[in-house]
Amino acid sequence: MRGTREIKRRIRSVQSTQKITRAMEMVAAAKLRRAEEKAQAARPYAQSIKSSIARILQESKDIKHPLMEKNDSPVKCIVVFSSDRGLCGSYNTNVIRKAAQEVENMPLDQVAVVAVGRKAREYFRRRDYNIIGEYLDMEDRPGLPEAQEIGAYLSRLYLDGSIGEVWVLYSEFVNVMVNRPRAVQLLPMDGEKIQRDVEEMAEAEEEMEEKDERVQEQEILYRFEPEPEFVLDALLPRLVYSQFYTALLEAKASEFGSRMTAMKTATENAKEMIWKLTLAYNKARQAAITQEILEIVNTSEALSSG
Amino acid sequence: MGTAVRLKIVTPERVVYDDSVDMVVARGVEGELGILYDHMPMVTPLQVSILKIKKNNVFYPVAISGGGFLEVQPQLITVLADTAELPDEIDLERAYAAKKRAEERLARKGEEGIDEKRASIALQRALTRIRAAEK
């Protein structure tokens, strides 16, 4: 009976692991739902502010703004959104790999890293990158103040010429199973790209047959109060932090999605393992019984023949 | 009727208001604006102030407590605010506490570690919330 007891203990151990992974799966599912709602709620603002800016750019073609002008700094700043904890499959690996590719072959002193989440910080610190900002334990916080802070901080560094480019690295949430690591350039801001984005958005909206008056309004002239430059100066910083906020929410949703999927797989693996172990346990038990019967039969035979 | 205009108040975190209204009165950086249907398209920054919505001849206040922008299109008015609350969403107690804090800080202005500009914005924000909630 020694073998069976061993197997029984293993079954119990796998069962308790399974309980934990199942609980984690459910927690991640609940958090995912909240993160998705938040991401949904943040979308109208991000779209509106982009289209406002696009309209200003369209009407005052020669308008200039320091956040849209290149500066001379060779330093590339990457803002990497990762998680604080593991157990979420390949989530961190993917986004960090993408980030590492962005700064591959660049001298260390020309790269500045802002790490959101422990995993990104650890990775880049181990490789001696210059970490100019870190935001940890953001998991359950709303995140908007942090997004504003990051936005203001990096805009300031950009404007005084300490950094020449700002990129955001985050995982775009596609669905629970899939997220896509993305690299988006934030600064200097590309006016043409904003306009293209807005056009795409308008087209997508039309396809959804949610036409409001966006099409005909193209020719209407806007009035800016006060001058367009002033309005733009107030709008652009908001676009910057709104984009950080979007990245943050997408990253969160992706993290929870990954964790949920990973934990689901783990739970299923545990189930399979329990099944196999149970089978082995039954076999061992059966073998032990057969063994015992054999022994009894042998003994009694030996006795009766003697 | 053809005289109603759609008003959307959006913050980075949520859509605060989205409905058709008769008129919007807002305080831009250049002064008060009353906007009706078919207004000329324009964009202007808003002060930290109360925005008034007129609907069925009644004015409803909305606290634009974080400042923001107003964009007018002929049939759509969009307010992009940093923060905004409808009166029944405002926590009056908190607003009063914030007002007190800001006033105390302003009273000690000139001292080290006191950011006068920030304090006065905080005061403005608290007052806007209080006024909107008590209207």
Side-chain angles (χ1 to χ4, degrees), chain A residues 37-60 142-148 151 211-246 248-249, chain B residues 2 4-20 24 26-35 37-48 64-85 89 115 117-118 121-122 125:
Chain A
E37 275 164 19
K38 262 190 187 170
Q40 197 91 38
R43 229 160 269 154
Y45 184 88
Q47 288 179 357
S48 304
I49 197 153
K50 254 192 181 173
S51 49
S52 291
I53 291 173
R55 269 192 287 280
I56 297 178
L57 295 176
Q58 199 171 28
E59 276 173 37
S60 349
L144 187 62
E146 281 86 357
Q148 284 168 331
K211 257 195 257 180
D212 33 30
E213 303 73 36
R214 293 191 178 269
V215 189
Q216 56 169 39
E217 122 224 346
Q218 299 282 349
E219 298 101 48
I220 303 171
L221 276 179
Y222 269 79
R223 203 166 57 124
F224 298 104
E225 228 171 79
E227 325 67 64
E229 282 82 4
F230 184 91
V231 177
L232 197 63
D233 191 45
L235 273 170
L236 283 182
R238 289 183 163 89
L239 176 62
V240 174
Y241 79 65
S242 144
Q243 281 177 320
F244 277 122
Y245 189 54
T246 306
L248 179 66
L249 295 179
Chain B
V5 53
R6 185 158 162 225
L7 170 69
K8 271 209 271 192
I9 303 178
V10 192
T11 72
E13 280 177 318
R14 67 204 176 103
V15 176
V16 179
Y17 189 91
D18 185 355
D19 202 357
S20 67
V24 174
R27 190 175 304 158
V29 289
E30 305 264 276
E32 286 246 298
L33 296 156
I35 300 150
Y37 174 78
D38 216 10
H39 189 280
M40 178 191 192
M42 63 171 286
V43 179
T44 185
L46 289 181
Q47 294 180 26
V48 174
I64 307 294
S65 46
F69 282 85
L70 177 79
E71 181 179 355
V72 183
Q73 294 164 36
Q75 285 126 49
L76 175 67
I77 302 171
T78 314
V79 176
L80 295 172
D82 291 354
T83 55
E85 294 96 15
E89 293 165 351
D115 187 340
K117 207 174 142 202
R118 245 178 85 179
I121 291 174
R125 189 175 325 159

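Every chain is numbered from 1, with letters handed out A, B, ... down the list of sequences.
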Does the side chain of A:L232 reach to within under 4.5 Å of the side chain of A:I53, using non-hydrogen atoms?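 Touching, per the 4.5 Å side-chain cut-off.
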Report yes if some heavy atom in the side chain of A:L239 is under 4.5 Å from a heavy atom in the side chain of A:K50; otherwise report no.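 Touching, per the 4.5 Å side-chain cut-off.
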Closest approach of [X] to [Y] (non-hydrogen atoms, all atoms of both residues):
| X | Y | value |
| --- | --- | --- |
| B:P45 | A:F230 | CG-CE2, 3.9 Å |
| A:A41 | B:E13 | CB-O, 3.1 Å |
| A:G151 | A:V240 | CA-CG1, 4.0 Å |

Report the option among B:V15, B:L80, B:T44 that has the most heavy-atom pairs separated by less than 4.5 Å from atoms of chain A.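 Winner by heavy-atom pair count: B:L80.
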What residues form a side-chain contact (heavy atoms from CB on, under 4.5 Å) with B:D38, not counting sequence neighbours?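 Checked B:D38 against side-chain contact (heavy atoms from CB on, under 4.5 Å); matches are B:P74.
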Measure B:V43 against the heavy atoms of chain A and call it side chain, backbone, both or neither at under 4.5 Å.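 Both the backbone and the side chain of B:V43 come within 4.5 Å of chain A.
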Heavy-atom contact with chain A under 4.5 Å, split by part of B:L33: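 When you check distances to chain A, only side chain atoms of B:L33 fall under 4.5 Å.
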For [X], is it the side chain, the backbone, both, or neither that has a heavy atom closer than 4.5 Å to a heavy atom of chain B?
| X | answer |
| --- | --- |
| A:S242 | neither |
| A:A46 | neither |
| A:R238 | side chain |

Hey, which of A:I56, A:T246, A:I49, A:L235 has the most heavy atom pairs under 4.5 Å with chain B?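 The answer is A:L235.
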